[in-house]
Protein chains: 2
Amino acid sequence: MRRVSSPRIPHADPSAQRAECAEPADRPRRRNRTVQRERLLEMLRSTDTHPTAADLFEGLRGEFPRLSLGTVYRNLEVLVCEGTVEQVPSQSGVMRYDGNPQPHHHFVCDACGDIRDLDIQLPSALTTRLQRRYKLRADRVRVDFFGLCETCSDRDS
Amino acid sequence: MRRVSSPRIPHADPSAQRAECAEPADRPRRRNRTVQRERLLEMLRSTDTHPTAADLFEGLRGEFPRLSLGTVYRNLEVLVCEGTVEQVPSQSGVMRYDGNPQPHHHFVCDACGDIRDLDIQLPSALTTRLQRRYKLRADRVRVDFFGLCETCSDRDS
DNA sequence: AGCTAAATCGAGAATGATTCCTGATTTAGG
DNA sequence: CCTAAATCAGGAATCATTCTCGATTTAGCT
Ligand SMILES: [Mn+2]
Ligand SMILES: [Mn+2]
Ligand SMILES: [Zn+2]
Ligand SMILES: [Zn+2]
């Protein structure tokens, strides 16, 4: 049976690439598509729980019985470098991953550690004030609100 | 030589205590003062570089040749629980410590990782909007601006 | 469809940060 | 002083993350 040529790899927006992942502009690194990485990204995009590498590993074991944790970390690094996925350092110290690269903010529960997405606009005056006062040019802003999530707040009272 | 009784330990503001460090209200844990912990706190208060545990260990070795890294971590935990010191999870994954418990915000350099204190007020409307929109009550807000610090920005161009 | 080079994989070892354990020392009270 | 509890130093243990390496897969090219 004749097979249709698979679609070209949709290259990630290079402008989003993290600085520490720069590759030589003359001979850019070739990327092979792999099912593991594709599923990893799908999984990250289909949740808003900001899972850890271990969470993702657990979630994919059923699908890929031979999957190894190293593969999860390796692919997360690729996605982060592409700018497709963001790392969210957590208060506990274990890294969490965010499949939503749109700028947005978080509410972090002090009790259970859950991280919830927020759709709140930060006044742009803030970054201009930053630049005037400190001569610092910020290209991203991240706001974390801390408190008790509804569940933990209910349990307490 | 008769010694003046040493001043009572100035107990940290209990209202600032981190939730995960709660102790039984009936028999509160007794705290002995130790030189190691006092110097650790002084060191944290005298800098704005948000050092790591290893940084602090290095900085104190001269003074306490037998100091162990475990002691640094153990005391940092105490200070964090008291609310005297704050943990600042960094993008690299290693925890950093902040001796300034006053609410303030940070500028993080994408290149060198330095964290700089900012004195910028966040409009209080933001937290009230949060509460109206999401029914979430936040007791702290943390804003991180990301970009290149002056040094790294100069080097690049 | 075959051929090859580069990319990626899985397994497991290595690393690095942080925590835990233990017996010795220090502190706070009485 | 005396004692109990807190803290220490040193070292082992744990946990997350990275690295190594030989085997496998992918992409590009006849
Ligand atoms: Mn998010
Ligand atoms: Mn600070
Ligand atoms: Zn919660
Ligand atoms: Zn810098």
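Just so it is clear, the structure is predicted and the values come from calculations on it, not from any experiment. Protein chains get the first letters and strands the later ones, always in sequence-line order, with residue 1 at the start of each.
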Asker: How would you label the contact of Arg30(B) with the nucleic acid (heavy atoms, under 4.0 Å): base, sugar-phosphate, or nothing?
Answerer: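 Base contact.
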Asker: Looking only at side chains, do Asp114(A) and His50(A) share a donor and an acceptor under 3.5 Å apart?
Answerer: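 The answer is no; no qualifying pair exists.
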Asker: Taking for each residue the nucleotide of DNA chain D with the nearest heavy atom, is it Arg27(B) or Gly70(B) whose nucleotide lies nearer the 5' end?
Answerer: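 This one resolves to Arg27(B).
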Asker: Please determine whether a side-chain nitrogen or oxygen atom of Arg31(B) lies at a distance below 4.0 Å from atom OP1 or OP2 of dG29(C).
Answerer: no
Asker: Give me the atom names and distance for the closest heavy-atom approach of Thr84(A) to Arg45(A).
Answerer: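 Reported closest heavy-atom pair: CG2-NH2, 3.5 Å.
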Asker: Atom CG of Leu69(B) to atom C1' of dA9(D): distance rounded to whole Å?
Answerer: 12 Å
Asker: Does OP1 or OP2 of dG10(C) have a side-chain N or O of Gln36(A) closer than 4.0 Å?
Answerer: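 Answer is yes, contact under 4.0 Å.
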Asker: Look at all strands and tell whether Glu77(B) reaches a base, only sugar-phosphate, or nothing, counting heavy atoms closer than 4.0 Å.
Answerer: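 Touches nothing.
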Asker: Hey, which of these two, Val35(B) or Arg96(B), hits DNA chain C nearer its 5' end, going by closest nucleotide?
Answerer: Arg96(B)
Asker: If you group Ile, Leu, Val, Met, Phe, Trp and Tyr by side-chain heavy-atom gaps below 4.5 Å, do Val143(B) and Phe146(B) land in one group?
Answerer: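 They do not share one cluster, since no chain of ILVMFWY contacts under 4.5 Å joins Val143(B) to Phe146(B).
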Asker: Whole Å only: how far is the CG atom of Asp55(B) from the P atom of dT18(C)?
Answerer: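 About 10 Å, once rounded to whole Å.
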Asker: Can you measure Leu60(A) atom CG to dG10(C) atom P for me and round it to whole angstrom units?
Answerer: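 It works out to 11 Å between those atoms.
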Asker: Can you hop from Leu60(A) to Val85(A) via hydrophobic side chains spaced under 4.5 Å?
Answerer: yes
Asker: As an exercise, state the distance from CG of Leu136(A) to CZ of Phe107(B), rounded to the nearest 0.5 Å.
Answerer: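 Spacing of CG (Leu136(A)) from CZ (Phe107(B)) equals 4.5 Å.
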Asker: So which nucleotide from dA7(C), dA5(D), dT17(D) ends up closest to the side chain of Asn32(B)?
Answerer: dA5(D)
Asker: Establish whether the base of dT19(C) is bridged to the side chain of Arg74(B) by a donor-acceptor pair shorter than 3.5 Å.
Answerer: no
Asker: Quick one: label Thr34(A) by what it contacts on the DNA or RNA (base, sugar-phosphate, nothing), any heavy atom closer than 4.0 Å.
Answerer: sugar-phosphate
Asker: Given dT17(D), dC9(C), dA6(D), identify the nucleotide with an atom nearest to the side chain of Tyr73(A).
Answerer: dT17(D)
Asker: Kindly say if Arg66(A) contacts the phosphate of dC9(C), meaning a side-chain N or O under 4.0 Å from OP1 or OP2.
Answerer: no
Asker: Does dC9(C) have OP1 or OP2 under 4.0 Å away from a side-chain N or O of Ser68(A)?
Answerer: no
Asker: When you get a sec, tell me which of dT8(C), dT27(C), dT7(D) is the closest nucleotide to the side chain of Arg37(A)?
Answerer: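 The nucleotide sitting nearest to the side chain is dT8(C).
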Asker: Counting only side-chain nitrogens and oxygens, does Thr71(A) get under 4.0 Å of the OP1 or OP2 atom of dG10(C)?
Answerer: yes
Asker: Val94(A) has a side chain; which of dT8(C), dA16(D), dC8(D) sits nearest to it?
Answerer: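 Nearest to the side-chain atoms of Val94(A), counting from C-beta on, is dA16(D).
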Asker: Can you check the Leu79(A) CG to dT8(C) C1' distance for me, whole Å?
Answerer: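 So the two atoms are 14 Å apart, to the nearest Å.
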Asker: Please report the distance, rounded to the nearest Å, between CZ in Arg33(B) and P in dA28(C).
Answerer: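 My rounded result for the distance is 7 Å.
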Asker: For Leu67(B), report the nucleic acid contact type (base, sugar-phosphate, nothing); a contact means any heavy atom under 4.0 Å.
Answerer: sugar-phosphate
Asker: Rounding to an integer number of Å, can you tell me how far Glu38(B) CD sits from dC8(D) C1'?
Answerer: 15 Å
Asker: Would Cys21(A) and Cys81(A) count as a disulfide pair, i.e. SG atoms separated by less than 2.5 Å?
Answerer: yes
Asker: Please report, rounded to the nearest Å, how far the P atom of dC8(D) is from the CG atom of Leu76(B).
Answerer: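 Going from CG in Leu76(B) over to P in dC8(D) covers 11 Å.
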Asker: Quick one: Met95(B) CE to dC15(D) P, roughly how many Å, whole number?
Answerer: 17 Å
